[in-house]
Amino acid sequence: MSKPNYRDIARHAGVGTATVERVLNGRGGVRPELVEKVISAARSLDYPRKLPDAHRGLLRIEVLMVRPETSFYRRLSLAFERIAATLDPLVVVHRNFTDEMNAEAISRRILSTDLPRAGLILAVPSSPLISAAVEKVNSQGLPVVHVVTRASERVGEFIGIDNAAAGRTAALYISRMARRRGPVVAICHPIYQVHRDRIRGFSDYFRDHPGASSFAWLGFGGDEERASADRLWSALEMYPDLAGLYNAGGANSALIEVLRRHPGGREVFFVGHELTDYTRAALLDGVMDVVLDQAPEAQARRALDLVLHRIGLTDIKPDQAPIRFITITKEGL
């Protein structure tokens, strides 16, 4: 019997000869299910050469995130989706969401063996249970990359902005540009290390640059709209001469509405994170003064590049410097 050729394999697999050539020579650009068909056909015909492993057609990278209802994580998810569409079809990016307050569910997802994974990208909070799960899968050889915040301090690369610098920047703007002098307050979500880092930088700036304004109060809003609104309203009642507000996390829309409704809200110099429809409108009408956007699109790109480098699909090592956050004001829109 003559040796099987590309035409024989193509006929057996139900594809074209060009597809067979691309698969057997590792050129990429072929859907995973067709890769499997070609390799299976070649094996069944005893094609006389070393075949590529079928798993090359199923290099799965899982991205695990929280809070799909928030504008930031919607932007981050969309960024992963758009970048994945530009990758070789042999690379499959799965995006999944989980409950940020359910450490057990997050840990189970991290430890899941339902599908083989070539890499894991995490944008989830940290806890002892979550950190242990991350460290276990990493010890088994799974590359782990943390985006936005770290789920483990011990393993995995971190992709994100310099959050302490972001907090210092917020303090700088308030101390230099606030419409009046007086107490300054901040709101954050304490389960995230990056929020704590921002507040640390914010506090350190006022400690190092004492003046007419001072950091007087910190509220925990949990990135929930009602809780954050209640905290801000209480601060406005507590400090009638409130000079500045820094929101280190989410729920900007609720804070914006409080500042619009409260008699003293328009006098408060407000710095927050992420450019959204709400923050854009607030910048334009003067309720918000500065937005620090942490460029989730750049974080997604860097995270995927890092995983692809770790699993050997590219020789180019991504930049390890922090992602540059973008300062946006009304005049920059």
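Note: hydrogens, waters and symmetry copies are ignored here, and every other heavy atom, side chains too, is used.
Between Arg302 and Asp305, none of the side-chain N atoms (NZ, or NE/NH1/NH2) sits under 4.0 Å from a carboxylate O, so this pair counts as no salt bridge. Salt-bridge check for Arg310 with Glu157: passed, with a basic side-chain N closer than 4.0 Å to an acidic carboxylate O. A salt bridge links Arg11 with Asp8; the closest basic N to acidic carboxylate O contact falls under 4.0 Å. For the pair Arg67 and Glu69, the salt-bridge criterion is met [side-chain N within less than 4.0 Å of a carboxylate O]. A salt bridge links Asp289 to Arg179: one of the charged nitrogens lies within less than 4.0 Å of a carboxylate oxygen.
Shown here is Arg181, whose CZ atom has more than 12 heavy atoms of other residues, nucleotides or ligands within 6.0 Å. For CZ of Arg82, the number of neighbouring non-hydrogen atoms (other residues, nucleotides, ligands) closer than 6.0 Å is 12 at most. The local environment of CD in Glu237 is crowded, with over 12 non-hydrogen atoms from other residues, nucleotides or ligands closer than 6.0 Å. For CZ of Arg266, the number of neighbouring non-hydrogen atoms (other residues, nucleotides, ligands) closer than 6.0 Å is greater than 12. Within 6.0 Å of the OH atom in Tyr278, the count of heavy atoms belonging to other residues, nucleotides or ligands does not exceed 12. In this structure, Asp277 places its CG atom where only 12 or fewer heavy-atom neighbours from other residues, nucleotides or ligands lie under 6.0 Å away.
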**Message:** Working note: His195 + Phe220, criterion ring-ring contact (aromatic ring centres under 6.0 Å, His included); need CA distance, chi angles, decisive distance, verdict.
**Reply:** CA-CA 10 Å; His195 286 204; Phe220 298 137; over 10 Å; no

**Prompt:** Given the rule in the side-chain contact (heavy atoms from CB on, under 4.5 Å) test, do Glu100 and His189 qualify, once you have shown the distances and angles that lead to the verdict?
**Reply:** CA-CA 12 Å; Glu100 71 174 348; His189 193 342; 3.5 Å; yes

**Item:** Worked verdict on Asp223 versus Thr70 for side-chain contact (heavy atoms from CB on, under 4.5 Å)
**Value:** CA-CA 9 Å; Asp223 283 354; Thr70 64; over 6 Å; no

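Ring pair Phe215/Phe202 is perpendicular by interplanar angle, where above 60° counts as perpendicular and below 30° as parallel. Using bins of under 30°, 30° to 60° and over 60° for the plane-to-plane angle, the ring pair Trp233/His262 lands in the perpendicular bin.
Pairs of residues two or more places apart, or lying in two chains, that qualify as salt bridge (charged side-chain N to carboxylate O under 4.0 Å, His left out) and include a residue from residues 242-260 are Glu257-Arg260, Arg260-Asp285.
Judged purely by atom type and a 3.5 angstrom limit, Arg117 has no side-chain atom pairing as donor or acceptor with the backbone of Arg60. Although no hydrogens or angles enter the test, the distance criterion places no donor-acceptor pair under 3.5 Å between the side chain of Thr19 and the main chain of Val15. Between the side chain of Ser234 and the backbone N or O of Asp230 there is at least one donor-acceptor pair closer than 3.5 Å. A distance-only check finds a donor-acceptor pair linking the side chain of Gln299 to the backbone of Val148 [under 3.5 Å].
Tyr246 has its ring centre less than 6.0 Å from the ring centre of His273.
Checking each of Val258, Ile187, Val271 against Leu245 for a side-chain contact (heavy atoms from CB on, under 4.5 Å) leaves exactly one that passes, namely Ile187.
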